[in-house]
Number of protein chains: 2
Amino acid sequence: MGSTTRGRIDKRQAILEGAFTVFARQGYAQACVQEIAAEAGVAKPTVYNHLTDKATLFRHAMKASARTALEERLAALEPLAQPGDDLAAVLTDVGHALLRLHAGGRWCALRRLLYAEITHFPDLLEITDQYGPDRLNQALADRLARLTLAGRLRAADPDLAAEQFTSLLLGPLEARTRLGTRDLEDAELRELAESAVRTFLIAWG
Amino acid sequence: MGSTTRGRIDKRQAILEGAFTVFARQGYAQACVQEIAAEAGVAKPTVYNHLTDKATLFRHAMKASARTALEERLAALEPLAQPGDDLAAVLTDVGHALLRLHAGGRWCALRRLLYAEITHFPDLLEITDQYGPDRLNQALADRLARLTLAGRLRAADPDLAAEQFTSLLLGPLEARTRLGTRDLEDAELRELAESAVRTFLIAWG
DNA sequence: CAGAATTTGAACTCATGGGTTCAACATAGT
DNA sequence: ACTATGTTGAACCCATGAGTTCAAATTCTG
(Lines give C-alpha, C1' and ligand atoms only; values in the text may rest on other atoms or scores of the structure.)
Protein backbone atom coordinates (compact mmCIF):
# COMPACT_ATOMS: atom_id res chain seq x y z
CA MET A 1 0.00 0.00 0.00
CA GLY A 2 2.75 2.43 0.93
CA SER A 3 5.53 3.45 -1.44
CA THR A 4 7.69 0.62 -2.61
CA THR A 5 11.45 0.79 -2.40
CA ARG A 6 13.61 0.83 -5.46
CA GLY A 7 14.40 -2.85 -5.06
CA ARG A 8 10.73 -3.69 -5.00
CA ILE A 9 10.00 -1.37 -7.92
CA ASP A 10 12.70 -3.25 -9.80
CA LYS A 11 11.00 -6.56 -9.04
CA ARG A 12 7.65 -5.32 -10.29
CA GLN A 13 9.38 -3.98 -13.39
CA ALA A 14 11.07 -7.32 -13.96
CA ILE A 15 7.71 -9.04 -13.68
CA LEU A 16 6.13 -6.73 -16.27
CA GLU A 17 9.08 -7.16 -18.61
CA GLY A 18 9.02 -10.92 -18.18
CA ALA A 19 5.28 -10.96 -18.67
CA PHE A 20 5.45 -9.07 -21.95
CA THR A 21 8.20 -11.37 -23.19
CA VAL A 22 6.16 -14.48 -22.51
CA PHE A 23 2.88 -13.01 -23.75
CA ALA A 24 4.67 -11.89 -26.93
CA ARG A 25 6.08 -15.35 -27.52
CA GLN A 26 3.01 -17.41 -26.73
CA GLY A 27 -0.04 -15.23 -26.67
CA TYR A 28 -2.18 -14.45 -23.66
CA ALA A 29 -4.03 -17.75 -23.27
CA GLN A 30 -1.01 -20.02 -23.73
CA ALA A 31 1.20 -18.02 -21.41
CA CYS A 32 1.51 -19.60 -17.96
CA VAL A 33 2.02 -17.50 -14.86
CA GLN A 34 4.68 -19.98 -13.76
CA GLU A 35 6.62 -19.27 -17.00
CA ILE A 36 6.22 -15.53 -16.53
CA ALA A 37 7.59 -15.86 -13.00
CA ALA A 38 10.53 -17.87 -14.30
CA GLU A 39 11.24 -15.31 -17.01
CA ALA A 40 11.17 -12.54 -14.41
CA GLY A 41 13.34 -14.50 -12.01
CA VAL A 42 10.80 -14.55 -9.18
CA ALA A 43 8.51 -17.06 -7.51
CA LYS A 44 4.92 -17.44 -8.67
CA PRO A 45 3.38 -16.11 -5.42
CA THR A 46 5.51 -13.01 -5.84
CA VAL A 47 3.84 -12.31 -9.16
CA TYR A 48 0.49 -12.45 -7.40
CA ASN A 49 1.81 -10.23 -4.63
CA HIS A 50 2.58 -7.49 -7.14
CA LEU A 51 -0.21 -7.97 -9.69
CA THR A 52 -3.59 -9.29 -8.60
CA ASP A 53 -4.14 -11.87 -11.34
CA LYS A 54 -3.12 -12.85 -14.85
CA ALA A 55 -5.48 -10.44 -16.58
CA THR A 56 -4.24 -7.50 -14.49
CA LEU A 57 -0.69 -8.51 -15.28
CA PHE A 58 -1.51 -8.59 -18.97
CA ARG A 59 -3.11 -5.15 -18.94
CA HIS A 60 -0.19 -3.56 -17.15
CA ALA A 61 2.37 -5.28 -19.35
CA MET A 62 0.58 -4.18 -22.52
CA LYS A 63 0.20 -0.61 -21.32
CA ALA A 64 3.91 -0.34 -20.50
CA SER A 65 4.89 -1.79 -23.87
CA ALA A 66 2.47 0.32 -25.88
CA ARG A 67 3.76 3.45 -24.17
CA THR A 68 7.35 2.52 -24.98
CA ALA A 69 6.46 1.71 -28.57
CA LEU A 70 4.80 5.09 -29.05
CA GLU A 71 7.73 6.91 -27.44
CA GLU A 72 10.14 5.23 -29.84
CA ARG A 73 8.02 6.12 -32.85
CA LEU A 74 7.55 9.71 -31.72
CA ALA A 75 11.31 9.96 -31.30
CA ALA A 76 11.68 8.77 -34.88
CA LEU A 77 9.67 11.81 -36.04
CA GLU A 78 12.03 14.31 -34.42
CA PRO A 79 14.22 14.95 -37.50
CA LEU A 80 11.14 16.56 -39.10
CA ALA A 81 11.43 19.45 -36.65
CA GLN A 82 14.60 20.65 -38.42
CA PRO A 83 14.50 19.06 -41.88
CA GLY A 84 17.20 21.19 -43.51
CA ASP A 85 17.27 21.54 -47.30
CA ASP A 86 16.46 18.04 -48.41
CA LEU A 87 12.97 17.32 -47.11
CA ALA A 88 12.64 14.17 -49.24
CA ALA A 89 15.79 12.71 -47.67
CA VAL A 90 14.61 13.49 -44.15
CA LEU A 91 11.16 12.05 -44.82
CA THR A 92 12.84 8.94 -46.19
CA ASP A 93 15.03 8.63 -43.10
CA VAL A 94 12.00 9.07 -40.85
CA GLY A 95 10.04 6.55 -42.90
CA HIS A 96 12.89 4.08 -42.78
CA ALA A 97 13.14 4.45 -39.01
CA LEU A 98 9.38 3.93 -38.59
CA LEU A 99 9.53 0.81 -40.76
CA ARG A 100 12.39 -0.63 -38.74
CA LEU A 101 10.48 -0.05 -35.53
CA HIS A 102 7.28 -1.48 -36.92
CA ALA A 103 9.09 -4.54 -38.26
CA GLY A 104 10.91 -5.16 -34.96
CA GLY A 105 9.94 -8.43 -33.32
CA ARG A 106 8.78 -6.80 -30.13
CA TRP A 107 6.33 -4.40 -31.78
CA CYS A 108 5.12 -7.06 -34.19
CA ALA A 109 4.25 -9.11 -31.15
CA LEU A 110 2.57 -6.13 -29.49
CA ARG A 111 0.40 -5.69 -32.57
CA ARG A 112 -0.54 -9.35 -32.64
CA LEU A 113 -1.45 -9.24 -28.96
CA LEU A 114 -3.55 -6.12 -29.46
CA TYR A 115 -5.48 -7.70 -32.31
CA ALA A 116 -5.83 -10.97 -30.46
CA GLU A 117 -7.16 -9.58 -27.22
CA ILE A 118 -8.71 -6.23 -27.96
CA THR A 119 -12.22 -7.71 -27.89
CA HIS A 120 -11.59 -9.41 -24.56
CA PHE A 121 -9.89 -6.55 -22.74
CA PRO A 122 -11.67 -3.18 -22.91
CA ASP A 123 -8.50 -1.63 -21.44
CA LEU A 124 -6.77 -2.35 -24.70
CA LEU A 125 -9.20 -0.03 -26.47
CA GLU A 126 -8.08 2.75 -24.16
CA ILE A 127 -4.44 1.80 -24.60
CA THR A 128 -4.92 1.87 -28.37
CA ASP A 129 -6.51 5.30 -28.09
CA GLN A 130 -3.69 6.62 -25.92
CA TYR A 131 -0.70 5.01 -27.59
CA GLY A 132 -1.91 3.67 -30.92
CA PRO A 133 -1.60 4.75 -34.56
CA ASP A 134 -3.80 7.82 -34.05
CA ARG A 135 -1.29 9.32 -31.65
CA LEU A 136 1.54 8.88 -34.08
CA ASN A 137 -0.59 10.34 -36.86
CA GLN A 138 -1.49 13.35 -34.72
CA ALA A 139 2.15 14.09 -33.92
CA LEU A 140 3.07 13.67 -37.57
CA ALA A 141 0.15 15.89 -38.63
CA ASP A 142 1.50 18.64 -36.36
CA ARG A 143 4.86 18.40 -38.11
CA LEU A 144 3.30 18.38 -41.55
CA ALA A 145 1.20 21.44 -40.66
CA ARG A 146 4.37 23.31 -39.67
CA LEU A 147 6.09 22.25 -42.88
CA THR A 148 3.08 23.45 -44.86
CA LEU A 149 3.15 26.83 -43.11
CA ALA A 150 6.86 27.00 -43.92
CA GLY A 151 6.04 26.45 -47.57
CA ARG A 152 7.79 23.11 -47.66
CA LEU A 153 4.63 21.02 -48.25
CA ARG A 154 1.12 21.50 -49.59
CA ALA A 155 -0.80 19.65 -46.89
CA ALA A 156 -4.01 21.62 -46.44
CA ASP A 157 -5.35 18.61 -44.58
CA PRO A 158 -2.39 17.58 -42.44
CA ASP A 159 -4.41 14.89 -40.62
CA LEU A 160 -5.20 13.15 -43.89
CA ALA A 161 -1.65 13.66 -45.15
CA ALA A 162 -0.17 12.11 -41.99
CA GLU A 163 -2.56 9.19 -42.16
CA GLN A 164 -1.68 8.55 -45.78
CA PHE A 165 2.03 8.84 -45.12
CA THR A 166 2.04 6.20 -42.40
CA SER A 167 -0.31 4.03 -44.47
CA LEU A 168 2.01 4.16 -47.48
CA LEU A 169 4.77 2.91 -45.18
CA LEU A 170 3.07 0.33 -43.03
CA GLY A 171 0.51 -1.14 -45.41
CA PRO A 172 3.10 -2.55 -47.79
CA LEU A 173 5.26 -3.66 -44.88
CA GLU A 174 2.44 -5.64 -43.31
CA ALA A 175 1.53 -7.30 -46.62
CA ARG A 176 5.14 -8.16 -47.51
CA THR A 177 5.90 -9.54 -44.05
CA ARG A 178 2.65 -11.55 -44.02
CA LEU A 179 1.30 -9.88 -40.93
CA GLY A 180 4.70 -9.50 -39.36
CA THR A 181 5.74 -13.12 -39.58
CA ARG A 182 8.66 -12.58 -41.94
CA ASP A 183 11.68 -10.31 -41.89
CA LEU A 184 12.61 -7.99 -44.70
CA GLU A 185 16.14 -6.94 -45.60
CA ASP A 186 16.98 -3.46 -44.46
CA ALA A 187 17.59 -2.50 -48.09
CA GLU A 188 14.02 -3.45 -48.89
CA LEU A 189 12.77 -1.36 -45.97
CA ARG A 190 14.78 1.54 -47.35
CA GLU A 191 13.29 1.11 -50.83
CA LEU A 192 9.84 0.89 -49.31
CA ALA A 193 10.43 4.18 -47.49
CA GLU A 194 11.66 5.78 -50.72
CA SER A 195 8.61 4.63 -52.65
CA ALA A 196 6.27 5.87 -49.96
CA VAL A 197 7.97 9.27 -49.79
CA ARG A 198 7.99 9.60 -53.56
CA THR A 199 4.22 9.02 -53.79
CA PHE A 200 3.62 11.20 -50.74
CA LEU A 201 5.56 14.16 -52.13
CA ILE A 202 3.91 13.93 -55.54
CA ALA A 203 0.55 14.19 -53.81
CA TRP A 204 1.40 16.56 -50.95
CA GLY A 205 4.74 18.14 -51.81
CA MET B 1 -13.63 -42.34 -45.90
CA GLY B 2 -15.80 -42.67 -48.95
CA SER B 3 -17.73 -39.81 -50.52
CA THR B 4 -20.13 -38.13 -48.16
CA THR B 5 -23.72 -37.50 -49.16
CA ARG B 6 -25.12 -34.04 -49.56
CA GLY B 7 -26.78 -34.21 -46.14
CA ARG B 8 -23.52 -35.05 -44.52
CA ILE B 9 -21.67 -32.42 -46.53
CA ASP B 10 -24.26 -29.95 -45.26
CA LYS B 11 -23.58 -31.00 -41.67
CA ARG B 12 -19.87 -30.57 -42.06
CA GLN B 13 -20.48 -27.20 -43.69
CA ALA B 14 -22.72 -26.17 -40.82
CA ILE B 15 -20.00 -27.17 -38.37
CA LEU B 16 -17.38 -25.07 -40.17
CA GLU B 17 -19.74 -22.10 -40.36
CA GLY B 18 -20.66 -22.44 -36.71
CA ALA B 19 -17.02 -22.84 -35.80
CA PHE B 20 -15.98 -19.65 -37.55
CA THR B 21 -18.85 -17.76 -35.93
CA VAL B 22 -17.78 -18.82 -32.45
CA PHE B 23 -14.05 -18.38 -33.08
CA ALA B 24 -14.78 -14.92 -34.49
CA ARG B 25 -16.77 -13.95 -31.43
CA GLN B 26 -14.53 -15.36 -28.74
CA GLY B 27 -11.12 -16.15 -30.15
CA TYR B 28 -9.62 -19.59 -30.52
CA ALA B 29 -8.71 -20.31 -26.90
CA GLN B 30 -11.97 -19.12 -25.37
CA ALA B 31 -14.16 -20.92 -27.91
CA CYS B 32 -15.64 -24.15 -26.52
CA VAL B 33 -16.32 -27.11 -28.77
CA GLN B 34 -19.66 -27.50 -27.03
CA GLU B 35 -20.58 -23.95 -28.09
CA ILE B 36 -19.45 -24.58 -31.64
CA ALA B 37 -21.62 -27.69 -31.73
CA ALA B 38 -24.57 -25.71 -30.44
CA GLU B 39 -24.03 -22.97 -33.01
CA ALA B 40 -23.90 -25.59 -35.76
CA GLY B 41 -26.96 -27.37 -34.44
CA VAL B 42 -25.21 -30.69 -33.88
CA ALA B 43 -24.02 -32.76 -30.95
CA LYS B 44 -20.44 -32.47 -29.73
CA PRO B 45 -19.43 -36.02 -30.75
CA THR B 46 -20.63 -35.18 -34.25
CA VAL B 47 -18.11 -32.36 -34.44
CA TYR B 48 -15.37 -34.86 -33.57
CA ASN B 49 -16.74 -37.28 -36.14
CA HIS B 50 -16.26 -34.74 -38.91
CA LEU B 51 -13.16 -32.88 -37.71
CA THR B 52 -10.52 -34.67 -35.66
CA ASP B 53 -9.98 -32.08 -32.95
CA LYS B 54 -10.36 -28.42 -32.12
CA ALA B 55 -7.18 -27.33 -33.88
CA THR B 56 -8.15 -29.15 -37.09
CA LEU B 57 -11.56 -27.55 -36.89
CA PHE B 58 -9.95 -24.15 -36.52
CA ARG B 59 -7.66 -24.60 -39.52
CA HIS B 60 -10.47 -25.74 -41.79
CA ALA B 61 -12.81 -22.98 -40.63
CA MET B 62 -10.13 -20.33 -41.20
CA LYS B 63 -9.23 -21.65 -44.63
CA ALA B 64 -12.87 -21.62 -45.74
CA SER B 65 -13.38 -18.09 -44.45
CA ALA B 66 -10.15 -16.73 -45.91
CA ARG B 67 -11.05 -18.16 -49.31
CA THR B 68 -14.49 -16.55 -49.18
CA ALA B 69 -13.02 -13.24 -48.07
CA LEU B 70 -10.57 -13.21 -50.98
CA GLU B 71 -13.31 -14.15 -53.46
CA GLU B 72 -15.44 -11.25 -52.29
CA ARG B 73 -12.56 -8.81 -52.60
CA LEU B 74 -11.56 -10.09 -56.04
CA ALA B 75 -15.16 -9.65 -57.10
CA ALA B 76 -14.99 -6.06 -55.92
CA LEU B 77 -12.16 -5.43 -58.43
CA GLU B 78 -14.19 -6.53 -61.43
CA PRO B 79 -15.42 -3.06 -62.43
CA LEU B 80 -11.80 -2.24 -63.26
CA ALA B 81 -11.96 -4.61 -66.22
CA GLN B 82 -14.30 -2.21 -68.06
CA PRO B 83 -13.80 1.16 -66.37
CA GLY B 84 -15.52 3.32 -68.97
CA ASP B 85 -14.66 7.02 -69.23
CA ASP B 86 -14.45 8.00 -65.60
CA LEU B 87 -11.59 5.96 -64.14
CA ALA B 88 -11.52 8.04 -60.95
CA ALA B 89 -15.17 7.24 -60.29
CA VAL B 90 -14.66 3.53 -60.90
CA LEU B 91 -11.56 3.44 -58.70
CA THR B 92 -13.55 5.22 -56.01
CA ASP B 93 -16.37 2.70 -56.29
CA VAL B 94 -13.90 -0.16 -56.11
CA GLY B 95 -12.15 1.44 -53.16
CA HIS B 96 -15.43 2.01 -51.39
CA ALA B 97 -16.42 -1.61 -51.93
CA LEU B 98 -13.07 -2.85 -50.59
CA LEU B 99 -13.43 -0.63 -47.53
CA ARG B 100 -16.92 -1.94 -46.83
CA LEU B 101 -15.69 -5.51 -47.05
CA HIS B 102 -12.65 -4.84 -44.91
CA ALA B 103 -14.77 -3.08 -42.29
CA GLY B 104 -17.35 -5.85 -42.20
CA GLY B 105 -17.55 -7.61 -38.86
CA ARG B 106 -16.78 -11.00 -40.30
CA TRP B 107 -13.56 -10.00 -42.01
CA CYS B 108 -12.45 -7.87 -39.07
CA ALA B 109 -12.78 -10.97 -36.97
CA LEU B 110 -10.89 -13.04 -39.54
CA ARG B 111 -8.04 -10.56 -39.38
CA ARG B 112 -7.96 -10.61 -35.60
CA LEU B 113 -7.90 -14.40 -35.60
CA LEU B 114 -5.09 -14.47 -38.15
CA TYR B 115 -2.97 -12.09 -36.08
CA ALA B 116 -3.81 -13.91 -32.88
CA GLU B 117 -2.97 -17.38 -34.05
CA ILE B 118 -0.55 -17.11 -36.93
CA THR B 119 2.41 -17.92 -34.71
CA HIS B 120 0.68 -20.99 -33.29
CA PHE B 121 -0.71 -22.44 -36.52
CA PRO B 122 1.78 -22.74 -39.40
CA ASP B 123 -1.18 -23.48 -41.67
CA LEU B 124 -2.27 -19.91 -41.26
CA LEU B 125 0.97 -18.78 -42.92
CA GLU B 126 0.02 -20.83 -45.96
CA ILE B 127 -3.56 -19.58 -45.83
CA THR B 128 -2.27 -16.00 -45.68
CA ASP B 129 -0.04 -16.71 -48.68
CA GLN B 130 -2.90 -18.20 -50.68
CA TYR B 131 -5.73 -15.86 -49.72
CA GLY B 132 -4.12 -12.88 -48.06
CA PRO B 133 -3.37 -9.27 -49.05
CA ASP B 134 -0.73 -10.32 -51.57
CA ARG B 135 -3.30 -12.13 -53.67
CA LEU B 136 -5.53 -9.11 -53.77
CA ASN B 137 -2.57 -6.91 -54.67
CA GLN B 138 -1.52 -9.25 -57.47
CA ALA B 139 -4.98 -9.23 -59.02
CA LEU B 140 -5.12 -5.46 -58.70
CA ALA B 141 -1.63 -5.11 -60.18
CA ASP B 142 -2.79 -7.08 -63.22
CA ARG B 143 -5.65 -4.63 -63.68
CA LEU B 144 -3.41 -1.61 -63.22
CA ALA B 145 -0.93 -3.03 -65.73
CA ARG B 146 -3.74 -3.32 -68.30
CA LEU B 147 -4.89 0.21 -67.56
CA THR B 148 -1.33 1.44 -68.02
CA LEU B 149 -1.02 -0.30 -71.37
CA ALA B 150 -4.32 1.30 -72.36
CA GLY B 151 -2.85 4.70 -71.53
CA ARG B 152 -5.23 5.22 -68.63
CA LEU B 153 -2.60 5.13 -65.87
CA ARG B 154 1.15 5.64 -65.52
CA ALA B 155 1.95 2.61 -63.36
CA ALA B 156 5.33 1.43 -64.57
CA ASP B 157 5.52 -0.63 -61.39
CA PRO B 158 1.99 -2.03 -61.12
CA ASP B 159 2.90 -4.19 -58.11
CA LEU B 160 3.99 -1.15 -56.13
CA ALA B 161 1.03 0.87 -57.39
CA ALA B 162 -1.41 -1.84 -56.32
CA GLU B 163 0.21 -2.17 -52.94
CA GLN B 164 0.05 1.58 -52.38
CA PHE B 165 -3.54 1.76 -53.53
CA THR B 166 -4.77 -0.82 -51.03
CA SER B 167 -2.56 0.70 -48.33
CA LEU B 168 -4.06 4.16 -48.89
CA LEU B 169 -7.47 2.56 -48.36
CA LEU B 170 -6.94 0.12 -45.54
CA GLY B 171 -4.29 1.88 -43.47
CA PRO B 172 -6.53 4.83 -42.58
CA LEU B 173 -9.47 2.50 -42.09
CA GLU B 174 -7.60 0.38 -39.58
CA ALA B 175 -6.37 3.43 -37.65
CA ARG B 176 -9.78 5.12 -37.59
CA THR B 177 -11.59 1.95 -36.52
CA ARG B 178 -8.96 1.23 -33.84
CA LEU B 179 -7.97 -2.12 -35.27
CA GLY B 180 -11.46 -2.87 -36.47
CA THR B 181 -13.22 -2.36 -33.15
CA ARG B 182 -15.36 0.58 -34.25
CA ASP B 183 -17.72 1.16 -37.14
CA LEU B 184 -17.46 4.07 -39.52
CA GLU B 185 -20.37 5.72 -41.30
CA ASP B 186 -20.64 4.72 -44.94
CA ALA B 187 -20.20 8.37 -45.89
CA GLU B 188 -16.83 8.36 -44.13
CA LEU B 189 -15.83 5.19 -45.97
CA ARG B 190 -16.77 6.95 -49.21
CA GLU B 191 -14.71 10.00 -48.33
CA LEU B 192 -11.80 7.75 -47.40
CA ALA B 193 -12.04 6.05 -50.79
CA GLU B 194 -12.13 9.43 -52.53
CA SER B 195 -9.06 10.67 -50.66
CA ALA B 196 -7.15 7.50 -51.44
CA VAL B 197 -8.05 7.64 -55.12
CA ARG B 198 -7.15 11.32 -55.31
CA THR B 199 -3.66 10.70 -53.92
CA PHE B 200 -3.27 7.55 -56.01
CA LEU B 201 -4.14 9.29 -59.27
CA ILE B 202 -1.88 12.24 -58.57
CA ALA B 203 0.99 9.79 -58.12
CA TRP B 204 0.08 7.14 -60.72
CA GLY B 205 -2.52 8.71 -63.02
C1' DC C 1 -38.47 -52.49 -45.54
C1' DA C 2 -34.14 -54.04 -43.69
C1' DG C 3 -29.59 -53.08 -42.86
C1' DA C 4 -25.90 -49.75 -42.57
C1' DA C 5 -24.23 -45.49 -41.19
C1' DT C 6 -24.54 -41.41 -38.61
C1' DT C 7 -26.02 -38.75 -34.86
C1' DT C 8 -27.50 -38.13 -30.34
C1' DG C 9 -27.59 -36.84 -24.99
C1' DA C 10 -25.50 -37.52 -21.05
C1' DA C 11 -21.96 -38.84 -18.52
C1' DC C 12 -17.39 -39.52 -18.21
C1' DT C 13 -11.86 -39.33 -17.94
C1' DC C 14 -8.05 -36.62 -17.88
C1' DA C 15 -4.86 -32.84 -18.16
C1' DT C 16 -3.97 -28.27 -17.37
C1' DG C 17 -3.21 -24.12 -15.11
C1' DG C 18 -5.15 -20.08 -12.25
C1' DG C 19 -4.79 -18.89 -7.84
C1' DT C 20 -3.81 -20.01 -2.70
C1' DT C 21 -1.49 -21.64 1.46
C1' DC C 22 2.29 -21.68 4.62
C1' DA C 23 6.44 -22.16 7.29
C1' DA C 24 10.96 -20.81 6.51
C1' DC C 25 14.15 -17.67 4.63
C1' DA C 26 15.92 -13.21 2.99
C1' DT C 27 15.91 -8.39 2.85
C1' DA C 28 14.89 -3.79 4.45
C1' DG C 29 14.22 -0.37 7.95
C1' DT C 30 14.83 1.57 12.52
C1' DA D 1 20.26 -6.27 16.79
C1' DC D 2 15.57 -6.59 16.36
C1' DT D 3 11.28 -6.11 13.96
C1' DA D 4 8.71 -5.70 9.85
C1' DT D 5 8.08 -6.78 5.27
C1' DG D 6 8.67 -9.34 1.21
C1' DT D 7 9.95 -13.61 -1.07
C1' DT D 8 10.39 -18.36 -1.48
C1' DG D 9 9.51 -23.58 -2.89
C1' DA D 10 6.46 -26.91 -2.80
C1' DA D 11 2.22 -28.52 -2.40
C1' DC D 12 -2.33 -27.80 -2.86
C1' DC D 13 -7.51 -26.84 -4.31
C1' DC D 14 -10.55 -26.06 -7.84
C1' DA D 15 -12.63 -25.07 -12.23
C1' DT D 16 -12.61 -25.76 -16.87
C1' DG D 17 -12.85 -27.87 -21.17
C1' DA D 18 -10.75 -31.22 -24.75
C1' DG D 19 -11.83 -35.46 -26.09
C1' DT D 20 -14.20 -40.18 -25.36
C1' DT D 21 -17.76 -43.65 -24.45
C1' DC D 22 -22.07 -45.89 -25.42
C1' DA D 23 -26.74 -47.50 -25.99
C1' DA D 24 -30.52 -45.67 -28.30
C1' DA D 25 -32.49 -43.02 -31.90
C1' DT D 26 -32.51 -41.18 -36.44
C1' DT D 27 -31.33 -40.92 -41.12
C1' DC D 28 -29.72 -42.79 -45.33
C1' DT D 29 -29.11 -46.37 -48.88
C1' DG D 30 -30.21 -50.26 -51.75
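Per chain, numbering begins at 1; letters A, B, ... match sequence-line order.
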**Prompt:** Reckon A:A31 touches a base, only the sugar-phosphate, or nothing at all at heavy-atom distances under 4.0 Å?
**Reply:** sugar-phosphate
**Length of the line joining B:Q34:CD and D:dT20:P, which is rounded to integer Å** = 15 Å
**Prompt:** Considering only side-chain heavy atoms of B:V42, which listed nucleotide, D:dT20, C:dG18, C:dT8, is closest?
**Reply:** C:dT8
**Asked** If you check the A:P45 side chain, which of C:dG18, C:dT7, D:dT8 turns out closest?
**Response** D:dT8
**Message:** By the definition side chain to side chain contact (heavy atoms under 4.5 Å, CB included), identify the one residue from B:D157, B:N137, B:L168, B:L140 that meets it with B:E163.
**Reply:** B:N137
**Message:** What I'd like to find out is whether the side chain of B:H102 reaches to under 4.5 Å of the side chain of B:R111, using heavy atoms alone.
**Reply:** yes
**Prompt:** So which nucleotide from D:dT7, C:dG17, D:dT20 ends up closest to the side chain of B:Y48?
**Reply:** D:dT20
**Asked** Hey, does B:D53 reach any base, or is it just sugar-phosphate, or nothing, if we go heavy atoms under 4.0 Å?
**Response** sugar-phosphate
**Prompt:** Reckon B:H50 has a side-chain N or O less than 4.0 Å from the OP1 or OP2 of C:dT6?
**Reply:** no
**Asked** Is a donor-acceptor pair below 3.5 Å formed from side chain A:K54 to base C:dG17, judging by atom type as modelled?
**Response** no
**Nearest-nucleotide pick for B:V33, side chain only, options being C:dG9, C:dG18, D:dA18** = D:dA18
**Request:** Please determine if B:R178 and A:D134 form a salt bridge, counting it only when a charged side-chain N lies under 4.0 Å from a carboxylate O.
**Result:** yes
**Given D:dG9, D:dT20, C:dG19, the nucleotide with the shortest approach to the side chain of B:K44** = D:dT20
**Item:** B:R182 bridged to A:D129 by N-O distance under 4.0 Å
**Value:** yes
